[in-house]
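Numbers restart at 1 for each chain; the letters A, B, ... are given by sequence-line order, proteins then strands.
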Amino acid sequence: METAVKKIAVLSGKGGTGKTFISVNLASIIDNAAYIDCDVEEPNGDLFFKSKNIEKQEVFVKIPKVDMTLCNGCQKCVDFCKFNALTYLPNKLLIFDKLCHSCGGCVLVCDKKALTEINKEIGNIYVGKSSDVFVVSGKLNIGEATGVPIIKQLFKYELPVKNIVVDCPPGSSCLVMETIKDADYCLFVVEPTIFGLHNFKMVLELVKLFNKPFGVVINKYSEESENNIKYFYENNIKIIKKIKYDKLIVEMNSSGLIVSRMFPEYKSLFTDIFEEIKRFI
Amino acid sequence: MIIAIPVSEKNLKEDVCVSFGRAPYYYVLDSNKGEGSFLKNPAVDQPGGAGIMSSQILINNKVKVLITKSCGENAANVLRAANVEILKAIKGSLEDNLTAYKTSSLEKLIEIHQGFHGNRS
């Protein structure tokens, strides 16, 4: 287990707290690291990395296809499908792709072998390199119901690295669950506002369910916001760093530049964060 | 001709249910025989695809006319493919709507909503 790749999941609950900022900068100061963007509905980590030599892979899910010459209208598939993705009309089987969860059950219950599985593309993954960081991003096609299969494929990609920084989607839904399932450590990015704290508590519940070691970074910190982070002191939750609201970061971020690659004080700040994480992984 | 109307309670004086797919019951009437009964809708608490599932049940019960206040696009696709006519319910009770149907004064339901398709992210 000691030699296995270590995964650090960066999450927040609330959107816009700085998950991508923290993940990108963290991956940039770790030797031999990869950055995986699991925010498949709006991947934007590569706006910072601007990776080169990008390789593209399609992501498929299985959906059923019917051969009506074999279907006898028994409706076993319709009854089996818990997501109501199938309807039988006289001499016609309607299949609702968007409701299908690709479980394959309908194919198994069909005695007449009228159903087979076909591939449907739901998105892509992109792998490139930015200096020595491997950058892997997933992108879900517009209108698709779930990005979970894309996240599964992102983690299957074999990378010659020791550490992976995972940029999680916002929220605390299935996508986030899939993303942190195999993480070795969860790093929370908390914005010191009542909204940031509220959504932090929601993802904290999820992380506790998985029994993962975790730590907190307060982003966009200012002394006036102390009142909003009392919760952490009261509940003995370790704050690894408070990253001060800094015009330099704002300007760097809005130009898509990586602050830890350019300013030694930020390189050392992110190195401190990584040193603290290393105590747990 | 078999007609179905979504309702919240098993009562002819009851208003037509605002939802089609998640209505607790359907009043199903065979207009030739003049026999009507209430059919429990098992799709009422489905996490998703309720409109599709309830359409399937009505089609299996040989329903040819649906009188409803609303209908989502998935359900409408199923019903249209099975040649079920979708009529717009008028304000009032189940009985009022049956009377209106008999005098051919119901209009076709034009507004099909996008559905409340479960966000399963």
So, the part of A/V176 with a heavy atom under 4.5 Å from chain B: the answer is neither

Nearest heavy-atom approach of A/P90 to B/I59 is CD-CG2, 4.3 Å

Whatever's closer than 4.5 Å to a heavy atom in chain B on A/F96 counts as side chain

Query raised in the report: Within a radius of less than 6.0 Å around NZ of B/K62, do more than 12 heavy atoms belonging to other residues, nucleotides or ligands occur?
Result: no

Shortest non-hydrogen pair, B/V78 vs A/L94, comes out as CA-CD1, 3.7 Å

Checklist entry - Would you say A/Y126 has more than 12 foreign heavy atoms packed within less than 6.0 Å of its OH? => result yes

Tell me whether the count of non-hydrogen atoms from other residues, nucleotides or ligands lying under 6.0 Å of CG in A/N72 goes above 12. yes

To the nearest 0.5 Å, atom CZ of B/R80 lies from atom CG of A/L89 at 13.5 Å

If you count heavy atoms of other groups shown closer than 6.0 angstrom to NZ of B/K64, is the number above 12?
yes

Under 4.5 Å to a heavy atom of chain A? For B/N83 that would be neither

With a 6.0 Å cut-off (strictly less than), is the heavy-atom count around CD1 of A/I142, excluding the residue itself, greater than 12? no

Rounding to 0.5 Å, atoms OG1 (A/T87) and CG (B/N77) come to a distance of 9.5 Å

ask   = Is atom CD of A/E205 surrounded by more than 12 heavy atoms (other residues, nucleotides or ligands) closer than 6.0 Å?
value = no

In this structure, CE of B/M53 is separated from SG of A/C81 (nearest 0.5 Å) by 10.0 Å

- Message: Using a 6.0 Å cut-off, check whether atom CD of B/E107 has over 12 heavy atoms from anything other than its own residue.
- Response: no

Beyond-backbone contact of B/N60 with A/Q75, side-chain heavy atoms, under 4.5 angstrom: yes

If you tally heavy-atom pairs under 4.5 Å between each of B/G51, B/A43, B/A81 and chain A, the highest tally belongs to B/A81

Discussion item. Given 3.5 Å as the limit, does a donor-acceptor pair link the side chain of B/Q46 with the main chain of A/N84, or not?
Written reply: no

Is the number of heavy atoms from other residues, nucleotides or ligands under 6.0 Å of A/F195 CZ greater than 12?
no

Cut-off 4.5 Å, heavy atoms of chain B, and the answer for A/E178 is neither

